[in-house]
Amino acid sequence: MRKNRLRLVGAFAALLVAAGIGAGPPAQARHEPPTLADLAQRHGRYFGSATDNPELVDEPYKKLLGSEFDQITPGNGMKWYATEPQQGVFDFSKGDEIVNLARANHQKVRGHTLVWHSQLPDWLTGREWTAPELRAVLKKHIQTEVRHYRGKVFAWDVVNEAFNEDGTYRETVFYNTLGPGYIADALRWAHQADPKARLYLNDYNVEAIGPKSDAYHRLAKELKAQGVPLHGFGLQTHLALQYGYPTTLEDNLRRFSRLGLDTALTEVDVRMELPATDEKLAQQADWYRDMTEACLAVRRCVGITVWDYTDKYSWIPAFFPGEGAALPWDEQLRPKPAYFALREALK
């Protein structure tokens, strides 16, 4: 059955490649097949991609980024090390470049990320802080950045990766100095700076129901009860074939929806142990299809973002040696079986 599906996907791929999908003017103008964004919009969803500044000099890449997707997330340009490299000295040039590109392409932007334990500047991590000092630093950083992008960013990953795998709080400079209340404070400060932005908590390994997603569910319930401005929960969805598919994904999305929260699949990729084979690529395609169908089945799952769209610029090989081939387009910007599985799910 899987071989038959792979043959069908291959045949469909050949037809669409022959049609020149993803290149040139919008699909409607050239009577081409609709893009992933077009298909997602029919369901009231967005379909986006992360991107990063160094790859924007790649014109074929940039062209496909601008035509296939209706949402962009800056991979690094809005993180703390990039936006406040010296205390009180802000640099929004990298984020601005991506926001300007998105606006030119009529795409919306998810901001990523305001509070995270990683990719912090040395001035922040290289000294001890008192609670009042760090609180003032955190508030200034959040509000300066959110105000800068007010009206240009529709949603923010306000706090990223706040929990360990067992559901305990991750010990970070923020947690260790300020306690767990830093999360509610961060949300309040971001809301003050842009009351219209949708504010998210975001993490990995939370796709299935388990200790880590349970911790977020409890926290979200508490924050909502306290009137803290939390609007959504982001499930990064960095999956790996060797660890199995999160079969409770749809149920998990539903339980966050019942709290009155939007959900989104925010950093999607499905890596594999290399070399890639037809069988692995077919399994990967199944997973992309299944996760998309899970999102479509839950009304408040608002969209899907792949963590860049091409293996050419994937973060996986650098962080997981011997693994890769995680994205719907290959290194030559050719669509893979996963791409056609996404189209199938969105139809």
Side-chain angles (χ1 to χ4, degrees), residues 76 78-88 90 95 110-150 153 155-195 197-206 211-236 256 259 261-262 264 266-267:
N76 290 294
M78 291 185 179
K79 290 174 179 172
W80 201 318
Y81 82 100
T83 55
E84 194 181 358
Q86 302 173 54
Q87 185 174 358
F90 289 85
R110 289 189 92 255
H112 178 78
T113 173
L114 297 171
V115 188
W116 188 33
H117 64 275
S118 189
Q119 291 182 264
L120 294 170
D122 291 342
W123 66 262
L124 184 58
T125 57
R127 55 159 287 186
E128 295 293 318
W129 299 92
T130 65
E133 286 172 339
L134 186 59
R135 205 176 141 77
V137 164
L138 185 58
K139 181 178 182 180
K140 181 175 183 179
H141 178 79
I142 290 171
Q143 295 205 319
T144 303
E145 183 161 5
V146 175
R147 282 194 190 108
H148 179 81
Y149 289 111
R150 183 170 174 160
V153 166
W156 280 100
D157 292 329
V158 178
V159 179
N160 194 45
E161 301 177 5
F163 286 104
N164 296 311
E165 297 303 303
D166 63 359
T168 58
Y169 280 98
R170 185 190 289 272
E171 293 196 2
T172 68
V173 61
F174 308 110
Y175 177 81
N176 292 342
T177 309
L178 302 173
Y182 82 92
I183 296 174
D185 286 338
L187 290 161
R188 291 188 185 103
W189 293 330
H191 184 65
Q192 288 168 5
D194 185 355
R198 306 293 286 174
L199 306 181
Y200 281 69
L201 305 177
N202 190 58
D203 213 324
Y204 64 93
N205 287 354
V206 292
K212 197 174 188 181
S213 60
D214 287 348
Y216 275 103
H217 191 264
R218 282 192 301 272
L219 174 62
K221 199 171 182 179
E222 292 166 7
L223 293 172
K224 295 290 282 184
Q226 295 164 16
V228 176
L230 173 66
H231 308 119
F233 181 48
L235 301 84
Q236 292 182 13
F256 281 94
L259 295 180
L261 295 176
D262 291 342
T266 57
E267 304 181 20

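Every value quoted in this text rests on a predicted model; they were computed, and no experiment measured them.
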Check your understanding: Are Tyr81 and Leu124 close enough that some pair of their side-chain heavy atoms sits under 4.5 Å apart?
Key -> no

**Study point:** Where Ala197 and Trp156 come nearest, the two heavy atoms and their spacing
**Key:** CB-CD1, 4.0 Å

Check your understanding: Do His112 and Asn160 touch side chain to side chain, with heavy atoms closer than 4.5 Å?
Key -> yes

**Study point:** Gln236 to Thr266 - nearest heavy-atom pair and separation
**Key:** CA-OG1, 3.4 Å

Check your understanding: Does any non-hydrogen side-chain atom of Gln119 lie less than 4.5 Å from one of Trp80?
Key -> no

Practice item. Test side chain to side chain contact (heavy atoms under 4.5 Å, CB included) on Tyr204 and Glu161 and set out the steps. Key: CA-CA 7 Å; Tyr204 64 93; Glu161 301 177 5; 3.5 Å; yes

Practice item. Quick one: pull up OG1 in Thr130 and CG in Leu178 and give me the separation to the nearest 0.5 Å. Key: 9.0 Å

**Study point:** Nearest-0.5 Å distance, OH of residue Tyr216 to CD1 of residue Ile183
**Key:** 7.0 Å

Review point. Between atom CD of Glu267 and atom OG1 of Thr113, what is the distance when rounded to the nearest 0.5 Å?
Key: 8.5 Å

Review point. Checking Gln143 side chain against Trp189 main chain: does a donor-acceptor pair fall under 3.5 Å?
Key: yes

Check your understanding: Any side-chain heavy-atom pair from Leu223 and Leu201 closer than 4.5 angstrom?
Key -> yes

Exercise for review: Using salt bridge (charged side-chain N to carboxylate O under 4.0 Å, His left out) as the criterion, list what pairs up with Asp185, not counting sequence neighbours.
Suggested key: Arg135, Arg188

Review point. Taking everything shown except Asp122 itself, do over 12 heavy atoms lie less than 6.0 Å from its CG?
Key: no

Study note, to complete from the structure: Between Ala190 and Leu114 the two heavy atoms that sit nearest each other are CB-CD1, 4.3 Å

Check your understanding: From Glu128 CD over to Leu134 CG, what is the distance, rounded to the nearest 0.5 angstrom?
Key -> 10.5 Å

Review point. Any cation-pi pair here, Arg127 with Trp123, using under 6.0 Å and within 45°?
Key: no

**Study point:** Stepwise side chain to side chain contact (heavy atoms under 4.5 Å, CB included) test for Trp129 and Val173
**Key:** CA-CA 9 Å; Trp129 299 92; Val173 61; 4.3 Å; yes

Check your understanding: With ring centroids as reference points, do Phe163 and Tyr169 lie under 6.0 angstrom apart?
Key -> yes

Practice item. Over all heavy atoms of both residues, which pair between His231 and Arg198 is shortest? Give the atoms and the distance, please. Key: ND1-CA, 3.5 Å

Review point. What residues form a salt bridge (charged side-chain N to carboxylate O under 4.0 Å, His left out) with Glu165, not counting sequence neighbours?
Key: Lys212

Review point. Judged by atom type as modelled, is there a donor-acceptor pair below 3.5 Å linking the side chain of Asn164 to the main-chain atoms of Asp166?
Key: no

Point to revise | His141 side chain near Thr83 side chain, heavy-atom distance below 4.5 Å | key: yes

**Study point:** Among Trp116, Tyr200, Tyr182, side-chain contact (heavy atoms from CB on, under 4.5 Å) partner for Val159
**Key:** Tyr182

Review point. Considering all heavy atoms of both residues, which atom of Pro121 and which atom of Pro85 are nearest to each other, and what is their separation?
Key: CB-O, 4.0 Å

Practice item. Taking all heavy atoms of Met78 and all of Glu145, pick out the closest pair and write down the distance. Key: O-OE2, 2.9 Å

Point to revise | Student check: side-chain heavy atoms of Thr144 and Glu84 closer than 4.5 Å | key: no

Practice item. Step through the shown structure and confirm whether more than 12 heavy atoms of other residues, nucleotides or ligands are within 6.0 Å of NZ on Lys221. Key: no

Review point. How many angstroms lie between CG in Leu261 and CZ in Phe233, if you round to the nearest 0.5 Å?
Key: 9.5 Å

**Study point:** Within-4.5 Å side-chain heavy-atom neighbours: Phe174 and His117
**Key:** no

Check your understanding: Partners of Lys139 by salt bridge (charged side-chain N to carboxylate O under 4.0 Å, His left out), sequence neighbours excluded?
Key -> none

Review point. Given side chains that start at C-beta, do those of Leu138 and Val115 come closer than 4.5 Å, heavy atoms only?
Key: yes

